[in-house]
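Protein chains get the first letters and strands the later ones, always in sequence-line order, with residue 1 at the start of each.
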Amino acid sequence: MPGTVRLGGRARRLRRSRPGPVTLLSGGILALMAAAALFGTWVAPYDPAAQDLALGATMPSWAHWAGTDELGRDVLSRCLAGARSALLWPLVVALGTCAMSTSLGLLAGYRRGWIDAVMMRVVDLLIAMPGLLMLIVLVGVLGGGIGWAVLAMAVLFTPGDIRVVRSLTMAQRELAYAEAARTLGLSRTRIMFRHLLPNIAPTVVAGALLSFVAALVALSGLSFLGIGLPAGTPDWGLMIEENRGLLDLNPWAAVVPAALVTIAATAATLLGDQLFERLSDA
Amino acid sequence: MTSSTALARLATGVLLVLAAGCAGAPGSGAAPDTLRWALGNAPNSLDIAHGFNDASTTVQFAVLDTMVAIGPDGQVVPRIAASWTHPDPHTYVFTLREGPRFSDGAPVTAEDAAYSLTRHLDPAVTSQAASYVTQVKKVEVTGPRTVKVTLRKPSPTFLATAALAWQIVPKKLAAAHPKDLGSPEVGTLGSGPFKVTKFSLASGVTLERNELYWGPKPALRRIEVKAISDPETLRLAVSSGEVDGTNDIQVSETRKWSALRGVTTVFYPANHIAYLSLGVREGPTKDVHVRRAIAHALNRGALATLMIGGHGGIADLMLPKPQVAALYGDKPPKLPAYPYDVNAAKAELAKSAYPRGFTLAAPYDSGGDDVKALQAIVADLAVIGVKLDLQPLPTEQYRQRMFSHQDTPLQLVDLVYGTPDPGEVLPDLVSRASAGPQGFNFSGYGSPETDARLDDLGKHEGADRAAAVTEVLAEIADQVPYVPLYSREAAVALRDRYTGRFGTWTADIFSGIRPAAGA
């Protein structure tokens, strides 16, 4: 076409690799939240646990930008401090789920045979169970506590991801590069983790971010139900539960943490989508 | 409305409008003598033997007569029994009034009355009210209209507990259904102001006026009772006119109820006390100086304001305020107190084996209403170096641990009692018999001397009895197995098309409600 400069393949990849506004925005939001998780308690204007029963619940003011809750605690400070548990535990769930599902999915998809058959029946069983209900029952039976909640959640989230990784692995193991690796006599472990894994990485990364989002929402839900973190811990889910009765005195005490959960979940979902597309194209 | 709050208020407003819209049109044209009532939970049984809980007893007392009742001032008054005598400390002889009939027309007999009490002692019935009648040794029909009750030992609380647990049911029906009387399948039959016309665990209870009732005719012809478990939905239901009222108002919600237009919320003292139980058998709280330090460190005034606002007050004695008033009038005894004083708390702690403080695990019911109070207590105790490690537990698991008396060194207890007599409370709190599994002596406090004092309570009456109660209360105040925190009021909300009279000892709330003039 006259007057049109056609870009080469490398240039096209470079243009694609430039992060778009959605990636920048969602990445920026998550980076800010991560910064709050790391340094929130330092920059918070008040001690998140400091109570002022005489003050009680108040609307936003210059002294308290998001107001105070019923125990007179500064809502903004608690939101900043709450970023830590809100992001840390979902991150642990996401990493745990990712590690377990990737290892087991690669194993099942590559080895096939009885290992695959046994693993898939167990996965079928776990998938058939209602996730959140199981989670509530498990955490209840195990005696509450965030540790059990995180462990139970990682175990319940893993089966779905195992299926996905297994399917991708089964497709990859039939390709020429995998056949070549086997012909060269490379070990199964090396083939699975050094050759097949990089080729299914986009899906694994996107899956990990989706697990993060699911864990963020589920853990907030558990906190809302009073399961998991002890009362008084600065945590977004717990704040929603504690402050939902204050809608007539300071609605922001519940609205701000609820908005933060929504924003964090949306940003992580969008970032996961973007990363999947970009890693797939690369 | 400031701009900073406009968005949140708007969103809340939209949600409330939507919810109110879903709830139905106000009033919805019900006749004024038909009352639509909401409870937080559905009644599970219309027999106190199998449904000894707030929701069930609310309906039971409208349908079933009791042998005696508790009057507005806390005194025991006649009901099915027209009178009684107390010939010796172990014996009561009741004379039934003439005229009461069950709602099917059958007369209420002495046989019915006697069986209605003895059935609670029958292991086959597995009555939830059995603990209220353990002092009963024998019940005999001594004449066509007389029933004689023999007690194992003198018990001044007997009449008050009889007003609660001795509900009169037909002997024939109760004997045929020891385990399922009061269930939706069997129902019940009473001689009270109302009769049951429908009972379902899912849709609730419908009552109609019992035209055979021997007492004053109730103003209401029909009552429809249903359960609305979510407090906010309940408030919206009353506000929108979907229901006409409720007696299931959480104390933390009183502010919102008082602000409702077209609804009058009536408050009255509840027979309630909230207290902190400190385990005396092991751990740091075994040390009396630690317990006294904890008592001094608690800002109970702030705690009471946080939990009950203006609807109640600080509890000074380990008794509900109505019981204090019934026993001592307006002159309660002056006993050792532990006012909020951080320095005094630190000084007490310095005398203990833990002068630098300690950490204490504090399991709690994650579904309970007291979580706020616990957080305030955590902050108060942190000031003197006592760190509470709050451990959330699901309700059932917490209750199991609470009543097994294991690993609960510190817990917040919130109880409502049924009678005006301290004899209902004190043995529960400090007798050794009550310190075992399923007992209410959560601190584990007790000694042979204390048990002897508790036994003495039954032997005295009048001023001597007040003195005996004071001795037990003084021991509790000195040894601090419990720290009394606050007593709250109860509340009934009624739409303005009705009026009602309620009090601490009102058992049948429906008979006190009538259509407002002009409704």
Side-chain ([X]) to main-chain ([Y]) donor-acceptor, under 3.5 angstrom:
| X | Y | answer |
| --- | --- | --- |
| Asp248(B) | Gly40(B) | yes |
| His311(B) | Glu489(B) | no |
| Arg300(B) | Pro484(B) | yes |
| Thr305(B) | Gly301(B) | yes |
| Thr102(A) | Ala99(A) | no |

* To do: Among the options Asp365(B), Leu374(B), Leu306(B), Leu303(B), pick out the one with the most heavy-atom pairs lying under 4.5 Å from chain A.
  =>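 Among the listed options, the one with the most contacts to chain A is Leu306(B).
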* Go through Ala376(B), Ala379(B), Ala302(B) and name the one with the most non-hydrogen pairs under 4.5 angstrom from chain A. =>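 Highest number of pairs under 4.5 Å: Ala376(B).
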* Asked: Mind checking whether Pro251(A) and Met59(A) have side chains closer than 4.5 Å, heavy atoms only?
  -> yes
* **Listed once per pair and sorted, the side-chain hydrogen bond (donor to acceptor under 3.5 Å, both in side chains) pairs that draw on residues 208-221 of chain A, sequence neighbours left out** => Asp161(A)-Ser211(A)
* To do: Kindly indicate, with the supporting measurements, whether the criterion side-chain hydrogen bond (donor to acceptor under 3.5 Å, both in side chains) is fulfilled by Thr359(B) and Asp389(B).
  => CA-CA 7 Å; Thr359(B) 298; Asp389(B) 180 15; over 6 Å; no
* To do: Below 4.5 Å from any heavy atom of chain A, which atoms of Arg255(B) appear? Answer side chain, backbone, both or neither.
  => side chain
* **Cationic N near anionic O, under 4.0 Å, Lys256(B) to Glu232(B)** => yes
* **Residues in residues 32-58 of chain A that sit under 4.5 Å from chain B, counting heavy atoms only** => Gln51(A), Leu53(A)
* **Residues of residues 62-73 of chain A contacting chain B, heavy-atom criterion under 4.5 Å, by residue number** => Glu70(A), Leu71(A), Arg73(A)
* Minimum heavy-atom distance Ala295(B)-Val483(B), with the two atoms named ->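 Of all heavy-atom pairs spanning Ala295(B) and Val483(B), the closest is CB-CG2, 4.0 Å.
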* To do: Would you mind listing every ring pair (Phe, Tyr, Trp, His ring centres under 6.0 Å) that reaches into residues 370-415 of chain B, with sequence neighbours excluded?
  => Phe403(B)-Phe440(B), Phe403(B)-Phe442(B), His405(B)-Phe442(B)
